[in-house]
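Here the structure is a predicted model, which means the values were calculated and not measured. Ligands are counted one by one from 1 in listed order, and the atoms in each one are counted from 1 as well. By convention here, the first residue in the shown sequence is residue 1.
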Amino acid sequence: MKTIDDLQVAGQRVFVRADLNVPLADGTITDDGRIRAAVPTIEKLAGAGARVIVASHLGRPKGAPDPQFSLAPVAARLGELLGRSVAFAADTVGDSARDTVAGLADGEVALLENLRFNAGETSKDDAERGAFADRLAGLADLYVGDGFGAVHRKHASVYDLPARLPHAAGGLIATEVGVLKQLTENVSRPYAVVLGGAKVSDKLGVIDHLLEKADRILIGGGMAYTFLKAQGLEVGDSLLQADQVPAVAEYLRRAEERGVEFVLPVDVIAAKDFPDLKTKAPADPVVLSADAIPAGLQGLDIGPATRELYAAKLADAATVFWNGPMGVFEHPDFAEGTRAVAQALLDSPAFTVVGGGDSAAAVRILGFDEDAFGHISTGGGASLEYLEGKTLPGLAALED
Ligand code: ADP
Ligand code: MG
């Protein structure tokens, strides 16, 4: 894979496919981690005299302009972080984009409007995607792929555009791929994996693959209840994907056969109702043994004994990959499990990688210094698919 050091960028129009898909609440950015992660590559290109055209998607608009998904607030924040003005184009391949790019001097930066305001970006039809990629290619001389969070998508700006322009990987993608290689090739052992989050179905592929790689798999979050059920326990009103119980039972069996240690919660923090994440009103949490969750209560975090158990299981690991919060960390009554795992990663001398949008946000929202972690991936789905051993379209497109 070429990097930006292999490109002659001075005076050239360089299209940077970044991932600026940040969470917004009423037009305000609630976590700017992805914008900050995009800055070094943009800065480097501008510093080398490129005319930098940054593009990204945000949210899931339906292939047409939709003001609630505008990148305008992102342009403002990017400008603050770069310490220079960022020209904002009100469309992606229309008059505004062409005029904005034509107005760039060497070393200046522009941001295009949300790529997904155009149906060609995400189309399953190769010709429709290709037509949009042709129009994007008309704006630029060179392509830099740096949107790691989108490389698992076969989208026009990720997959089709680099085939149309001389291309290279940006610094963020180069770093992410380097880290993921350390989790797949010559891993230092013991290799522990912590998986949580809401749905077990999102993570089946990665569990399947990690059963061949990891020494120890710790399960938390909403997905833990499907595992507890597969072990014959009742889970009350907890999140349960009943249709996945057979698959999960098969994983537990395979883990035993392969000598992979599977660790499930021994206690949980439960409540009658799902907590109100807006008001954060007290939720009357109770601690229950994992084998005694009655109907009428739902598990919303791992319990104190499980926190200790998981910290101990991480303490002597040499490599740790963590994806998915241990509980509904957005509410203070159910944040301690996620906090404990984050702290265990910080306390451990292991090479630690945090992957997953919500997990990375949790680390920041709970007040941890993210620089203290080995690596926090900007791409949840992308890092999981990489660890599943899949070919990622946006990385394959940068290979040749
Ligand atoms: P990531 O984005 O890091 O991959 P996910 O999107 O899979 O993580 O899951 C994050 C969500 O899982 C959080 O919003 C959290 O509130 C939710 N969650 C965690 N534990 C539970 C639980 N026990 N019951 C319901 N939801 C949960
Ligand atoms: Mg998520």
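- Each of Thr184, Val206, Thr391 was evaluated against Tyr386; a single residue qualifies, Thr184, per the side chain to side chain contact (heavy atoms under 4.5 Å, CB included) test.
- By the 3.5 Å distance cut-off applied to N or O atoms, Gly196 is not counted among the residues near ligand 1.
- The ring pair (Phe, Tyr, Trp, His ring centres under 6.0 Å) analysis of residues 226-279, with sequence neighbours excluded, yields the pairs Phe227-Phe262.
- At least one N/O-N/O distance between Gly222 and ligand 1 falls below 3.5 Å.
- The proximity of Phe334 to ligand 1, defined as any non-hydrogen pair under 4.0 Å, does not occur for either the backbone or the side chain.
- Around atom 18 (N) of ligand 1, the closest heavy atom drawn from Pro275, Ser359, Gly327 belongs to Gly327.
- The closest protein non-hydrogen atom to atom 15 (C) of ligand 1 is Glu330 OE1, 3.6 Å.
- Side-chain contact, Ser123 with Asp125: no donor N or O sits under 3.5 Å from an acceptor N or O.
- For the residue pair Ser383 / Glu176, no side-chain donor-acceptor distance below 3.5 Å is found, with atom types taken as modelled.
- Under 4.0 Å from ligand 1, not a single heavy atom of Lys199 appears.
- At a heavy-atom cutoff of 4.0 Å, ligand 1 is contacted by the side chain of Asn323 but not by its backbone.
- Each of the atoms 7 (O), 9 (O), 12 (O) of ligand 1 lies under 4.0 Å from some heavy atom of Ala198.
- Looking at ligand 1, you won't find any N or O of Tyr225 less than 3.5 Å from one of its N or O atoms.
- Around the Mg ion (ligand 2), the protein atoms of type N, O or S found under 2.8 Å away are Asp358 OD2, listed by chain and number.
- Within the 4.0 Å heavy-atom criterion, neither part of Gln298 lies near ligand 1.
- Through side-chain heavy atoms spaced under 4.5 Å, either directly or across other Ile, Leu, Val, Met, Phe, Trp or Tyr residues, Phe329 is tied to Ile365.
- The shortest heavy-atom distance from Gly299 to ligand 1 is under 4.0 Å.
- Closest non-hydrogen pair, Lys313 versus Leu218, comes out as CB-CD2, 4.0 Å.
- Every pair passing side-chain hydrogen bond (donor to acceptor under 3.5 Å, both in side chains) that includes a residue from residues 186-205 is listed here, sequence neighbours excluded: Arg189-Asp215, Ser201-Gln241, Lys203-Asn323.
- Scanning all protein heavy atoms for the shortest distance to atom 27 (C) of ligand 1 gives Val328 CG2, 3.6 Å.
- Among protein heavy atoms, atom 4 (O) of ligand 1 sits closest to Lys203 NZ, 3.4 Å.
- The N/O atoms of Asp301, backbone and side chain alike, include none that comes under 3.5 Å of an N/O atom in ligand 1.
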